[in-house]
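Each remark here refers to the structure printed beneath this line.
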Amino acid sequence: MSSIVDRQDSRFAVAHRGHNARFPSVAAEAAGRVEYCESVEDAATALQQVINAGLRPTVRSSGHCYEDFIANNPNGAILDVSLLNQVTSGRSGSAPYRIQPGAMLGNIYQELYKRSNVVLPGGSCFTVSAGGRISGGGYGILSRLYGITVDWLSAVDILTVDAAGKVVPLHVDSNHHPELFRALRGGQGSNFGLITGFTFNQLPPAPFEIMQAAVSFDWETMTPERFVKILTTYGKYWEENDQNKETWGLFGYMGITSRSSGRFGISTVFTNPDGTVKDVSVLADFLDRFETCKPIADAPLGYAAHRLLGQEMDHHFNMPSVCYGEHPMVRSSWISAASEGSGNSMSRGVRAKYKSAYMKKAFTEEEALALYRMLSDDRSRGLVVAVDSYGGATNNPARARDTAIPQRTSVMKLQYQTYWQDEKEDSFRLAGIRDTFMAAYSTSVADPKHIGTPFPNDHYDGCYMNYPDVDMIEHSYWPQLYYGTGDLYPLLQRVKKDYDPHNVFHHTMSVRADV
Amino acid sequence: MTRRTFVQFLATLSAAQSLGVLQGSASCSARSTRFRYVATAENAIHVFRSNTQNDWSIVQVASSSSPASILLAPDQRTLYVANAVGNFEHRPSGSVQVFSINSRSGTLTCVQRQPLALFTIKPSQLAISPDGTNLAVAAAYGTINLLPIHKDGTVGHVTACMKRLSFNNIPSHDQPTYRQDLRFLDNDTLLAAEPHSHRTIALSVSKDGSLSFSTHEPISLRKHPDTLEIAISEPLREVADSLEARNATKY
């Protein structure tokens with residue numbers, strides 16, 4: 001039986017909120033209760049009771065949703081599945097691997113490693129749980145090598161609500177409810193039902209070891225020319241090596257912080273396709289390309305001050321910087337590195353805003369200068385543009401046809417992030433990230449009819465749904481930004497109509513049924 | 001404009017444009033005032049003033065987005081309008097407009113437009129609690145919202161969103177937009193007709209602005225064929241009695 005936390009319960013103040021302290025934005029938007037489900041049966045019973053009571057259910061696994069999709073539920077019910085957190089395998093660690101939605105990524109890595117020496121190609125945020133992470137796609141530091149998490153997904157167990165208002169448990173895979181299965185491979189469970197489990201019939205082997213290294217650049221001595229050189233060098237590497245399998249074990253993260261941070265940098269995680277780091281020539285070659293950019297040898301005074309209150313920041317910046325002319329690297333086992341990422345710096349009490357963009361090509365000089373101008377300006381104080389390297393195995397065209405992630409020709413994914421604590425800063429912070437995003441996607445490579453957005457064209461490939469940004473719904477074409485211009489969104493609309501006929505599972509950016 | 005031409009005006013609008021022309025004075029108390037408020041699908045609310053018993057003149061055409069239902073506050077200082085839209089401020093919701101009324105001229109000034117809950121779209125009916133502290137909104141596919149009314153007549157954020165699921169309220173192109181009857185039985189009880197049925201559900205209104213079903217199953221009801229009034233069937237009388245709804249018989 002689920003444990004109910006209502007407004008009279010002392011736990012409610014914490015329970016009704018997620019990690020982003022901006023939500024619920026007003027008290028009236030708060031749910032009336034939170035129900036912690038301890039089993040699949042609990043979840044089904046709780047969902048049916050909520051439906052019978054005429055309330056709206058929103059489903060939460062770890063509460064990392066960037067927007068208010070869960071927390072904005074006036075007098076409704078949050079069904080929390082964080083206690084559904086089992087990770088299991090077959091006999092002697094064999095497949096299938098089953099993961100419940102409340103399992104945290106760090107625990108998933110540990111369980112799969114200990115049981116089976118396999119890995120989920122997921123992210124680096126230890127506390128993000130499977131429910132949202134997997135159903136929304138699931139990128140990570142091994143994605144160039146192994147693809148996206150949903151590329152490996154074999155089946156999903158989900159509770160849907162039918163036309164009569166009855167809860168219906170479904171086991172969906174490529175043969176059973178195939179369109180719903182495709183929708184759940186990147187189209188987010190929050191559109192269609194309450195996910196109770198994921199099944200993987202196969203997963204790739206865990207790397208044995210990895211090598212980490214970083215370079216950083218001082219803002220104080222930064223010039224537009226150097227800034228352009230850094231960004232274009234970084235982007236060209238991923239563009240040129242998209243199909244070079246020798247490099248697919250290299251993941252790059254460029255965290256372009258604003259000038260007020262002191263400096264910005266590039267972090268790397270590397271393993272060879274055989275899971276070892278006996279040969280680090282790929283990593284060294286990558287780092288060599290930045291020698292002319294004059295990475296700094298020593299941290300400037302006040303360096304620690306630029307550690308932002310932000311997701312993944314600790315993980316990415318806790319590495320030694322590279323001295324010019326040499327490449328200090330840190331070698332570690334894969335499992336220790338994967339489990340050390342705290343991923344909880346988006347802690348409760350922190351206000352945040354995010355945006356995203358896929359890029360198919362390297363930064364142009366014009367784009368880099370647009371970012372330079374914005375990030376040099378105090379208006380962008382606290383902003384970080386995280387540029388993740390992808391491409392490689394993520395760009396398998398077959399997966400564009402059987403998953404709900406259509407972006408299969410991109411080489412970088414950008415995540416704009418800003419974090420603050422004082423509500424009084426809301427307007428300033430939101431304006432900073434919005435203005436920077438607008439400037440970045442208003443250059444000559446942006447689609448003329450969709451200025452201000454990375455609308456899919458030769459250069460961009462839209463946005464990532466697991467980094468949702470409600471600002472985008474100001475554009476009538478927002479579904480195409482997230483789901484592409486092909487047949488995917490119409491399919492999602494059909495699935496929505498068929499499997500959630502009452503639109504029970506909805507939020508600001510949920511799929512609009514085709515009615 | 002005479003009473004006759006005024007009525008003809010309403011009839012013309014209604015017939016020619018198949019509009020739900022609504023009188024803000026639909027409640028009995030508003031009929032004693034000098035003003036009439038008429039919403040049209042031309043995205044406007046027409047304000048009429050009665051100069052004499054048989055003489056009406058139009059004094060204002062106030063802009064309003066798809067007004068589907070209008071309702072005067074008990075103190076007649078405020079007019080509430082349900083905007084039957086599917087999107088407001090780019091979000092999938094309808095909205096409610098609040099107009100202050102000039103007590104001398106009867107003219108309207110929009111002081112607020114409040115969004116409804118997500119996917120509470122195309123609101124079609126409004127109701128105000130007898131004590132004037134809550135505004136209930138019925139919208140497409142059987143969704144009901146509750147909003148607090150402040151002392152100045154403005155409304156707060158939606159505090160509750162309810163929807164009973166049934167085959168009758170699945171979103172579909174085939175279904176016309178319907179009006180869902182809605183009224184307060186008393187300050188603590190809200191009655192709402194189920195879409196496309198002769199049944200009504202009773203909801204309890206809590207002090208904190210939440211809603212909950214008073215009865216597990218809807219109640220069979222019939223409308224009087226000649227009026228908008230709800231005729232209470234015997235089952236509802238039983239329910240009303242069980243709810244100790246003191247005012248039930250006045251319907």
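The structure displayed is predicted, hence computed values, not measured ones. Note on naming: letters A, B, ... go to the chains in the order of the sequence lines (proteins, then strands), and numbering restarts at 1 for each one.
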query = Non-hydrogen atoms of chain A under 4.5 Å away: do they reach the side chain of B:Ser212, the backbone, both or neither?
reply = neither
query = Quick one: are B:Lys163 and A:Leu55 in side-chain contact, heavy atoms under 4.5 Å?
reply = no
note = Pair count under 4.5 Å, heavy atoms only, with chain B: among A:Ser476, A:Gly165, A:Ala163, A:Ala53, highest is A:Ala163
inquiry  = Under 4.5 Å from any heavy atom of chain B, what part of A:Asp471 do you find: side chain, backbone, both or neither?
reply    = neither
Counterpart residues, ring pair (Phe, Tyr, Trp, His ring centres under 6.0 Å), relative to A:Tyr482 (two or more places apart) = none
ask   = When you look at CD of A:Glu474, are more than 12 heavy atoms from neighbouring residues, nucleotides or ligands closer to it than 6.0 Å?
value = yes
query = Below 4.5 Å, heavy atoms only, C-beta onward: do A:His507 and B:Phe119 meet side chain to side chain?
reply = no
request  = To the nearest 0.5 Å, tell me how far A:Arg7 CZ sits from B:Ser206 OG.
outcome  = 9.5 Å
request  = Might you point out which heavy atoms bring A:Thr508 and B:Pro92 nearest each other, and give the distance in Å?
outcome  = O-CD, 4.1 Å
key: Gap separating the CZ atom of A:Arg56 from the OG1 atom of B:Thr143, nearest 0.5 angstrom   = 11.5 Å
request  = Identify the residues of residues 499-506 of chain A whose heavy atoms come closer than 4.5 Å to a heavy atom of chain B, ordered by number, or report 'none'.
outcome  = A:Pro501, A:His502, A:Asn503, A:Val504, A:His506
Closest non-hydrogen atom pair between B:Thr159 and A:Asn75, with its separation = O-CB, 3.2 Å
